Amino acid sequence: MTAASENPCVICVAITGSLPTKANNPAVPITIAEQIDSTQEAFEAGASIAHCHVRDEEGKPTSDPERFARLKEGLEKHCPGLIIQLSTGGRSGAGQARGGMLPLRPEMASLSVGSNNFPTRVYENPPDLVDWLAAEMLKYEVKPEIEAFDLSHVVQATKMQADGRLKGPLYVQFVMGVKNAMPPDEAIFDFYIETLKRLAPDARWCAAGIGPAQLLINEWAIRKGGHTRTGLEDNVRLDRDRLAASNAALVRRATELCERYGRPVASWRQAREILGLRPPEAA
């Protein structure tokens, strides 16, 4: 067996996000029922992690714990074994409201450890809020996925592991393609991998590309031995001329890349082993 074939690729599907609407693509799942159906299809297509946001009755982003609870319950019922990752992102709420769902004890949650520019604003992650979110994740035994929009975020995450604010091994996601943040640059991508390996040798990494960068970043991550994220949150199109028919369509595209590079797609059991998560029956 080759090294690639012995390294299954974990595929995360980011199902909704805070920005895409049905005006952008009718396939974007907004209601809880739509999110459950879309995630189930993506799970069956090969995704083993679902990165989840919720929307209010008007379709606007929210951090409402009750809505997260309903989504989590539905996914556990219809996608047994799926790793549920809830977002603590800043578009859905402010301050500690961003972590209001952590007492639900999802297996994972996103965590941004520093600030950076977004297309029209600053994505603020002040140190006191980052420390509070990290402490809540430790308290409720939630594994963070570190969202690294900048090299400093990679370094900060390793410092937080070293001083006990984060429990290792780390799982770090390199995010490229956000306007005014880090563009898709392969030399920088490689330096991210090198830096994380040097500072946290036991860490695992994945990568997400935003908009047109999605396919490129999927390919880099799969080819270079990491894990990857796809889904309608990050990109509503298959290409310049075609909208993605579903989250599952984007997952299937990632699985095709895995086949091209000799990487098996990780099952939910393998994904849990890779990430150090308990099987659901033991949780």
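Numbers for residues simply follow the sequence, beginning at 1. The analysis underlying the following values was restricted to heavy atoms, covering all of them including side chains, and did not include hydrogens, waters or symmetry mates. Because the structure is predicted, anything quoted here is derived from the model rather than measured.
Closest non-hydrogen pair, D239 versus R237, comes out as O-NE, 3.1 Å. Closest of all the heavy-atom pairs between P126 and S115 is N-OG, 4.3 Å. Here the closest heavy-atom approach between residue A213 and residue M176 is recorded as CB-O, 4.1 Å. Closest heavy-atom contact between S48 and A271: OG-CB, 3.4 Å. Nearest heavy atom pair, residue A47 against residue V13, reads CB-CG1, 3.7 Å.
Residues I193 and V175 fall into different hydrophobic clusters, defined by Ile, Leu, Val, Met, Phe, Trp and Tyr side chains chained together at heavy-atom separations under 4.5 Å. Side-chain heavy atoms closer than 4.5 Å link hydrophobic residues (I, L, V, M, F, W, Y) into clusters, and following such links, possibly through other members, connects V113 to L86. Hydrophobic clustering (ILVMFWY, side-chain heavy atoms < 4.5 Å, transitive): V10 and M108 are in one cluster. One hydrophobic cluster, built from ILVMFWY side chains closer than 4.5 Å, cannot hold both F118 and V130; they sit in different ones. Linking ILVMFWY side-chain heavy atoms closer than 4.5 Å, directly or via other members, places V251 and V28 in two distinct hydrophobic clusters.
Within the 4.5 Å cutoff, the side chain of H153 has no heavy atoms near those of the M182 side chain. Two residues are said to be in side-chain contact when any heavy atoms from C-beta on lie closer than 4.5 Å; P119 and V178 meet this criterion. Here the side chains of L133 and L129 are in contact, with some heavy-atom distance below 4.5 Å. With contacts defined as side-chain heavy-atom distances shorter than 4.5 Å, the pair L196/T158 qualifies. Between M137 and T88 the shortest side-chain heavy-atom distance falls below 4.5 Å. Here the side chains of R263 and N7 are in contact, with some heavy-atom distance below 4.5 Å. By the 4.5 Å heavy-atom criterion applied to side chains, L215 and R253 are counted as neighbours. R223 is not listed as a side-chain neighbour of R260, based on a closest heavy-atom distance of 4.5 Å or more.
By the 6.0 Å contact criterion, NZ on K60 is open, its count of non-hydrogen atoms from other residues, nucleotides or ligands being 12 or less. No more than 12 heavy atoms of other residues, nucleotides or ligands lie within 6.0 Å of CD in E259, so this atom counts as exposed by the packing criterion. Taking a 6.0 Å sphere around NZ of K224, one finds it holds more than 12 heavy atoms contributed by other residues, nucleotides or ligands. By the 6.0 Å contact criterion, CD on E124 is open, its count of non-hydrogen atoms from other residues, nucleotides or ligands being 12 or less. Open room surrounds CZ on R204; 12 or fewer heavy atoms of other groups in view lie less than 6.0 Å from it.
A distance of 6.0 Å separates OG1 in T62 from CG in D56, rounded to the nearest 0.5 Å. Atom-to-atom distance recorded for L243:CG and N25:CG is 4.5 Å, nearest 0.5 angstrom. Between atom CD1 of residue I15 and atom NE2 of residue H51 there is a gap of 9.0 Å, rounded to the nearest 0.5 Å. Between the OH atom of Y171 and the CD atom of Q173 there is a distance of 7.0 Å, given to the nearest 0.5 Å. Atom CD in Q96 sits 10.5 Å away from atom CG in L102 (nearest 0.5 Å). Between the CG atom of N125 and the CG atom of N116 there is a distance of 7.5 Å, given to the nearest 0.5 Å.
Donor-acceptor pairing under 3.5 Å is recorded for the side chains of N247 and S38. For the residue pair N218/T228, the side-chain donor-acceptor check at 3.5 Å is satisfied. Side-chain atoms of R55 and Q35 form no donor-acceptor pair, as typed in the model, at a separation below 3.5 Å. Under 3.5 Å, the side chains of S110 and Q85 contain no donor-acceptor pair of N or O atoms.
Each of I274, I49, I222, I11 was scored for a side chain to side chain contact (heavy atoms under 4.5 Å, CB included) with H227, with one residue passing: I274. Of the candidates K143, R272, R278, E107 forms a side-chain hydrogen bond (donor to acceptor under 3.5 Å, both in side chains) with just one, namely R272.
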Would L166 and I146 satisfy side-chain contact (heavy atoms from CB on, under 4.5 Å), going step by step from the backbone distance to the final call? CA-CA 10 Å; L166 291 175; I146 305 302; 3.8 Å; yes
Begin with the C-alpha distance, continue with both residues' side-chain angles, and end with the deciding distance and a verdict on salt bridge (charged side-chain N to carboxylate O under 4.0 Å, His left out) for K77 and E73. CA-CA 6 Å; K77 177 180 179 180; E73 181 182 9; over 6 Å; no
Let me see the working for T16 and H53 under side chain to side chain donor-acceptor pair (under 3.5 Å), right down to the final yes or no. CA-CA 6 Å; T16 300; H53 294 247; over 6 Å; no
side-chain contact (heavy atoms from CB on, under 4.5 Å) assessment of V54 paired with M101: CA-CA 11 Å; V54 289; M101 80 298 293; over 6 Å; no
Under the salt bridge (charged side-chain N to carboxylate O under 4.0 Å, His left out) rule, what do R98 and E136 come out as? Steps first, then yes or no, please. CA-CA 11 Å; R98 287 170 51 177; E136 289 290 283; over 6 Å; no
Under the criterion side-chain contact (heavy atoms from CB on, under 4.5 Å), I'd like the reasoning laid out for F191 against L151: C-alpha separation, chi angles, the key distance, then a yes or no. CA-CA 9 Å; F191 192 68; L151 180 62; 3.6 Å; yes
Test side-chain contact (heavy atoms from CB on, under 4.5 Å) on L19 and E233; report intermediate values, then the result. CA-CA 7 Å; L19 293 181; E233 170 177 350; over 6 Å; no
Could you walk me through whether F174 and F149 pass ring-ring contact (aromatic ring centres under 6.0 Å, His included), step by step? CA-CA 6 Å; F174 312 137; F149 295 88; over 10 Å; no
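A donor-acceptor pair under 3.5 Å is absent between the side-chain atoms of Q214 and the main chain of G211, judged by distance alone. The closest donor-acceptor contact from the side chain of N180 to the backbone of N117 lies at 3.5 Å or more, if one exists at all. R105 places no side-chain N or O within 3.5 Å of a backbone atom of V142 that could act as its donor or acceptor partner. Listed for the E44 side chain is no donor-acceptor partner under 3.5 Å among the backbone atoms of E41. Side-chain atoms of S112 do not come within 3.5 Å of backbone N or O of G114 as any donor-acceptor pair. No donor-acceptor pair under 3.5 Å is formed between the side chain of T195 and the backbone N or O of Y192. Although no hydrogens or angles enter the test, the distance criterion places no donor-acceptor pair under 3.5 Å between the side chain of N235 and the main chain of L232. In this structure a side-chain-to-backbone donor-acceptor pair under 3.5 Å is missing from E194 to D190.
Every residue two or more places apart in sequence or in another chain that forms a side-chain hydrogen bond (donor to acceptor under 3.5 Å, both in side chains) with D150 is listed here: S152. Scored by the side-chain contact (heavy atoms from CB on, under 4.5 Å) test, E76 finds K72, I84 as partners (sequence neighbours excluded).
A ring-centre distance under 6.0 Å is found for W205 and F189.
Between R70 and E66, at least one side-chain nitrogen of the basic residue sits less than 4.0 Å from a carboxylate oxygen of the acidic one, meeting the salt-bridge criterion.
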